[in-house]
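Comments concern the structure below.
In what follows, chains are A, B, ... by sequence order, proteins preceding strands, each numbered from 1. Remember, predicted model here, so these are calculated numbers, not experimental data.
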Amino acid sequence: MTGPLALVRRLLAATPHGWARVALAVTLAFGASAASVALMGVSGWLLSRAAEHPPVMYLTAAAVGVRAFGIGRGVFRYAERLVGHDVGLRVQSALRLETYETLAHTTLLGRRRGDLLTRVVADVGAVLDLVVRVLLPFASGLFVLLATTLILGAFSWPAALAILGTALIGGVAAPWLAAQLSARQDTAAVPERGALADVVHEIGRTAPDLVAYGADAAALERLAAADARLRDADARAAWTRGVATALQVLAAGAAVLAGLVLGAAAVRAGALERPMLAVLALTPLALHEVFADFTKSAQTWTRARAALARVTEILTEPPVGTGDRLGGDAPIAASGEPSLAVHDLCIGWPGAAPLASGLTFEVRAGERLAITGPSGVGKTTLAATVLGLIPPVAGEVRASGRIGYLAQDAHVFTTSLAENVKIGNKHATDEQVRDALARVRLDEEPGRLVGELGATLSGGEQRRLALARLVVGDYGVLVLDEPSEHLDPETASVLLDDIWASASGRPLLVITHDPEVIARCDRVVALGAT
Amino acid sequence: MAEGRRGPIDPRLIGRAVATRRYLTGGVVIGIATALLTVAQAWVLARAITAVFDAAPGFEYLTLMPGTGRWPDLGPVVALLGAIFAGKALLAWANTLLAQRAAASVKSQLRRDVVAARLARPLDDTPTAGLVTLVTVGLDALDGFYSKYLPQLLLAVTVPVIVGVAILTADLTSAIIVALTVPLIPVFMALVGWATEAHTQRRWATQQRLARHFADLVAGLPTLQVFGRARAQAIGLRKSEDAHRRQTMDTLRISFLSALVLELLATLSVAVVAVTVGFRVVHHDLDLATALFVLILAPEVYLPVRQVGVHYHDAAEGTAAAAEAFDLIDAASGVADRAREDAAPPRTPADLPRTPPDGGPLVRVADVAHTYPGASAPAVTGVSFEVGPGEFIALTGPSGGGKTTVLNALIGFLAPTSGVVSAPPRPAIAYVGQTPGMIAGTIADNVRLGAPSVTDAAVARALARAGAPDMDAARGVGDDGEGLSAGERRRVATARALVRIDAGAGLLLLDEPTAGLDADAEAVLLRSLRATGVAAIVVSHRPAVLAEADRVVTIGGAA
């Protein structure tokens with residue numbers, strides 16, 4: 001079994017006292033919901049019994065109960081929320097760690113998985129929703145329903161069973177229906193969403209040209225048209241959501257009527273004491289209120305299931321390559337001049353067809369070799385192979401000196417500039433970090449916060465920061481991946497001057513399709529041309 | 001979870017609610033109708049239970065007494081209650097529809113405004129992926145505010161009044177209890193919120209940083225792997241996850257307090273009403289039917305108020321997306337560019353004179369300086385030059401010297417911080433940017449952006465003059481100019497500018513039009529540009545371009 005429930009079960013087993021915490025949360029949630037149902041039921045009995053004008057002491061117990069339920073509901077709910085969120089967060093942490101470990105053990109460079117990485121973060125978060133908003137309410141709701149049925153059943157089985165039946169409609173069938181229909185409609189709206197995204201994407205990428213040529217108004221018209229289609233799809237989804245909500249109201253009504261009619265019949269037959277009639281007729285009102293949010297829970301379940309299926313897919317995927325570079329952290333004693341040579345190399349991803357074969361070239365110290373070729377031909381795969389992140393399909397890579405890699409989209413972590421530089425060498429001293437920043441001409445304080453929560457760096461500055469990591473790590477051989485990509489020609493030109501200067505005397509392998517970069521290299525190897 | 005000092009609900013959200021006025025009104029009408037049906041339901045139900053109760057034998061004090069024996073006919077009661085529940089179901093269904101419409105109307109308006117804002121600031125370098133996410137799924141986070149929170153807020157004001165009045169007509173004492181406790185709820189919630197706000201705020205920043213750590217590490221995994229550092233980070237992640245959980249729980253303990261107060265007050269009030277009413281029934285102060293009526297209605301007074309608390313979190317979820325959208329819109333409304341003036345009268349290039357009527361220069365740039373917002377130093381200072389009709393001017397200078405800034409001021413994409421820029425209106429300008437944008441369609445579609453009605457032959461001619469005689473105009477262009485190389489894109493964009501010149505535009509603005517071209521292609525392109533005979537301002541450092549120019553203006557550095 002590999003569904004989301006199996007995943008949660010496994011994560012709970014790995015969490016200290018995971019099951020005990022869940023049991024506590026369910027018990028507390030049960031207490032909260034049961035208190036509100038009991039409040040209505042016992043109050044109904046209290047009033048009816050009071051109408052028989054007994055001595056007040058006969059009502060004291062019920063009165064105390066009513067007050068206790070009144071307090072209990074809020075207190076239980078508060079405790080349940082805390083325990084529930086705590087266990088939910090623990091499960092989420094366990095899944096985050098497992099996901100991170102799995103991803104860290106599979107090579108990600110060059111696999112065009114940027115989208116996957118951003119999506120997996122949100123997908124993992126779904127497990128918290130699953131625990132807090134789906135599993136706990138459903139489990140406790142079920143227990144409340146069972147308890148109510150059993151207690152009412154002690155007085156009138158027909159009424160209790162009727163209430164159970166309507167509760168299954170309002171608490172299970174209607175939410176399930178809503179989740180099914182809305183999932184179907186979400187799927188149906190995918191093309192509409194895609195069309196809207198396309199329009200926005202095009203406008204975002206061509207804004208200066210659209211404005212310069214007076215085509216902006218027409219572009220907004222296209223947006224309005226795409227938006228209108230999406231809006232229609234959303235309206236259809238709301239229609240069915242409305243039907244599910246209406247069904248819940250009808251189920252509650254049926255429960256009240258069943259309690260009243262069956263209860264009255266039992267009273268008339270002398271099978272039920274008359275104060276119990278109010279209990280049978282009023283309890284369903286409070287019981288069905290417990291289910292009010294189940295439609296939302298069912299939709300959360302549909303979304304969480306899809307998200308966690310994607311996570312499970314990542315977790316069960318066999319690893320590719322080594323993940324981390326082997327020995328990447330330890331300095332390799334360079335024997336003599338740094339150099340890089342590949343001989344009769346065949347490259348490709350494990351389990352896929354080879355991308356290129358018969359590659360033979362050598363880059364000596366101070367030489368710059370350009371690797372060119374159309375996109376998809378395996379340029380970054382070559383880099384991953386040279387770096388040792390994935391094994392060559394055939395042939396060999398010989399390097400003298402550590403190989404450093406300058407990515408076109410190196411990540412800037414949310415921390416200080418200095419910590420970002422130290423990714424290249426965790427033992428680097430403050431002095432070395434400062435020196436590296438100066439050498440890449442990134443004129444900033446090492447303590448400055450960068451990334452998401454700090455100041456953002458321009459494209460050129462990000463590339464310089466990535467270069468500083470290579471400088472501080474004292475890499476002998478450099479592999480540059482599209483060093484001018486996404487930069488305007490001027491910034492690219494100045495940056496290349498600086499890279500060339502900082503890498504002087506080292507072998508440079510430059511992956512590029514930019515003619516300006518190719519022109520700066522000594523030799524060119526065209527991938528895909530052989 | 002309350003974060004900012006202003007509270008988590010952006011006041012600009014309320015301003016947008018004007019668009020939903022109709023739906024909100026509809027929602028309130030539905031709410032009132034539902035409340036009235038609830039009152040009717042309570043009345044019928046209370047009567048029916050009492051009638052059965054009175055008919056049945058039972059204890060009176062401690063003596064078993066026969067009932068009245070007048071068993072009520074429950075048929076009409078069932079029909080009536082059935083009709084009431086059917087009515088409530090119908091109203092619930094209609095309310096769902098209205099809520100969706102309300103949110104959709106605001107989202108449509110915001111989508112348009114956000115994209116219009118992007119177009120009003122063509123130079124905005126916000127990543128397009130972020131814009132797409134915001135416009136498609138990001139704004140969906142506003143559903144909670146417009147379809148749940150706001151309508152619920154109105155119900156919380158109207159429904160308790162209606163139900164309260166119903167209780168008042170039945171029993172004064174219960175009405176007083178309700179009237180005293182309902183206003184306590186917002187007061188206590190405000191007090192709790194006020195007392196805990198500073199505490200919550202203090203933790204917020206740490207919590208956010210810890211929450212981001214996982215996302216940051218995952219996004220940076222390829223980078224970490226290249227340096228052999230990915231696995232080692234798992235230890236740090238474990239620590240930060242623990243810290244994050246503890247911080248979050250500390251915050252939740254505080255922020256769930258307001259919900260606790262809400263639930264306690266609401267449920268305890270119902271319990272107090274029930275017990276009070278019960279003891280008055282014992283003492284013959286109240287009859288059973290009235291007591292049951294009050295008991296059924298009491299929770300209904302507090303329900304809408306409690307639901308506000310529930311939906312408050314839905315509303316707060318949309319705040320981030322809303323803030324992002326509003327910031328984009330606000331940033332654009334501050335742009336006093338020429339776009340608005342130009343956009344007003346739709347003019348075609350042919351209507352515009354190629355020479356200024358007074359015989360003066362076509363373009364005048366006088367002592368222009370520009371500092372980008374947030375920058376410490378000006379991008380460009382003290383630039384002055386004039387361009388007469390038909391003149392070919394090259395702008396050159398060191399990298400980062402501000403050449404592109406001047407070009408953008410000429411086309412009106414930015415208003416310089418000081419100095420005077422006078423240039424023909426936008427419809428009289430043909431423009432080729434540094435990385436020209438390509439619309440999805442064919443190459444011909446892209447060329448026709450310059451002049452929509454030109455013939456196929458004219459498109460082919462323009463492509464040839466732009467240095468691409470062999471390019472098939474019917475070839476498809478994907479998103480982002482997919483299928484075209486950088487050089488091909490520049491040539492298509494140049495052809496686009498050429499058809500606009502043919503249609504009557506009098507000024508060419510080109511940013512590095514020959515980058516990436518070989519010497520021959522560069523020569524063809526320069527000849528075509530000169531052959532148009534219109535004024536041209538070309539940003540370039542290529543010697544061939546500088547040699548071709550009538551004048552070279554150096555910007556930045558040795559000016």
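For Val256(A), the part lying under 4.5 angstrom from a heavy atom of chain B is the side chain only. Heavy atoms of Leu91(B) lying under 4.5 Å from chain A are absent altogether. For a residue to count as touching a neighbouring chain, one of its non-hydrogen atoms must lie under 4.5 Å from one of that chain's; by this rule Glu273(A) does not touch chain B. Interface remark: Ile49(B) contributes backbone and side-chain atoms alike to the contact with chain A (heavy atom separation under 4.5 Å). Interface remark: Ala278(A) contributes backbone and side-chain atoms alike to the contact with chain B (heavy atom separation under 4.5 Å). Residue Gln248(A): no heavy atom, backbone or side chain, is found under 4.5 Å from chain B. Using a 4.5 Å cut-off between heavy atoms, Leu74(B) touches chain A through its side chain atoms alone. With a threshold of 4.5 angstrom between heavy atoms, Leu257(A) approaches chain B through side-chain atoms but not through N, CA, C or O. Looking at Val270(B), the atoms closer than 4.5 Å to chain A (heavy atoms on both sides) all sit in the side chain, from C-beta outward. Only the backbone of Met438(B) has a heavy atom closer than 4.5 Å to any heavy atom of chain A. Only the side chain of Leu39(A) comes within contact range of chain B, with heavy atoms under 4.5 Å apart. Residue contact with chain A, scored on non-hydrogen atoms closer than 4.5 Å, is absent for His213(B). Heavy atoms of Ile84(B) lying under 4.5 Å from chain A are absent altogether. At a 4.5 Å heavy-atom cutoff, the contact between Arg205(A) and chain B is made by backbone and side-chain atoms alike. In this structure, chain A has heavy atoms under 4.5 Å from both the backbone and the side chain of Ser105(B).
Heavy-atom pairs under 4.5 Å with chain B were tallied for Pro275(A), Ser48(A), Ala466(A); the largest tally goes to Ser48(A). Most heavy-atom pairs under 4.5 Å with chain A, from the set Ala86(B), Ala104(B), Pro72(B), Ala94(B): that is Ala104(B). Counting heavy-atom pairs closer than 4.5 Å to chain B, the top residue among Thr322(A), Thr415(A), Val249(A) is Val249(A). Note on Leu196(A), Leu46(A), Thr245(A): by heavy-atom pairs under 4.5 Å with chain B, the leading option is Leu196(A). Per-residue heavy-atom pair counts under 4.5 Å with chain A were compared for Gly433(B), Ala440(B), Ala92(B), and the maximum is reached by Ala440(B). Residue with the most contacts toward chain A among Glu512(B), Arg496(B), Met65(B), Gln41(B): Arg496(B) (heavy-atom pairs, distance under 4.5 Å). If you tally non-hydrogen atom pairs under 4.5 Å between each of Leu247(A), Val56(A), Leu210(A), Leu389(A) and chain B, the highest count goes to Val56(A). When Phe59(B), Trp71(B), Phe279(B) are compared by the number of non-hydrogen pairs under 4.5 Å with chain A, Trp71(B) comes out ahead. Among the candidates Gly220(B), Ala274(B), Ala232(B), the residue making the largest number of heavy-atom pairs closer than 4.5 Å to chain A is Gly220(B). For chain A, the option among Ala493(B), Ala48(B), Ala99(B), Ala215(B) with the highest count of heavy-atom pairs below 4.5 Å is Ala215(B).
Between Tyr431(B) and Phe413(B), the ring center distance clears the sub-6.0 Å criterion. Here the two rings, on His85(A) and Phe256(B), have centers that are under 6.0 Å apart.
No side-chain donor-acceptor contact under 3.5 Å links Arg73(A) to the backbone of Ala35(A). Using a distance-only test at 3.5 Å, with no hydrogens or angles considered, no donor-acceptor pair links the side chain of Arg469(A) to the main chain of Gly424(A). In this structure, the side chain of Arg193(A) does not engage the main chain of Leu230(A) through any donor-acceptor pair within 3.5 Å.
Aromatic ring pairs are classed by plane angle as parallel below 30°, tilted from 30° to 60° and perpendicular above 60°; the pair His53(A) and His284(B) is parallel.
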side-chain contact (heavy atoms from CB on, under 4.5 Å) evaluation trace for Tyr100(A) with Leu221(B): CA-CA 9 Å; Tyr100(A) 183 83; Leu221(B) 260 173; 3.9 Å; yes

List the steps, then state whether side-chain contact (heavy atoms from CB on, under 4.5 Å) holds for Tyr78(A) with Glu263(B). CA-CA 9 Å; Tyr78(A) 178 74; Glu263(B) 296 249 351; over 6 Å; no

Apply the test side-chain contact (heavy atoms from CB on, under 4.5 Å) to residues Leu217(B) and Phe413(A): give CA-CA distance (whole Å), side-chain angles for both, the deciding distance (0.1 Å), then the verdict. CA-CA 8 Å; Leu217(B) 279 186; Phe413(A) 292 92; 4.2 Å; yes

side-chain contact (heavy atoms from CB on, under 4.5 Å) evaluation trace for Glu52(A) with Phe53(B): CA-CA 10 Å; Glu52(A) 295 181 329; Phe53(B) 183 90; 3.6 Å; yes

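For Arg231(A), the CZ atom sits in a packed shell: over 12 heavy atoms of surrounding residues, nucleotides or ligands are nearer than 6.0 Å. A 6.0 Å sphere centred on CD of Gln434(B) holds more than 12 heavy atoms belonging to other residues, nucleotides or ligands.
In this structure, Arg238(B) does not pair ionically with Glu241(B), as no charged nitrogen and carboxylate oxygen lie closer than 4.0 Å. Between Asp86(A) and Arg90(A) a salt bridge is recorded (basic side-chain N to carboxylate O distance below 4.0 Å).
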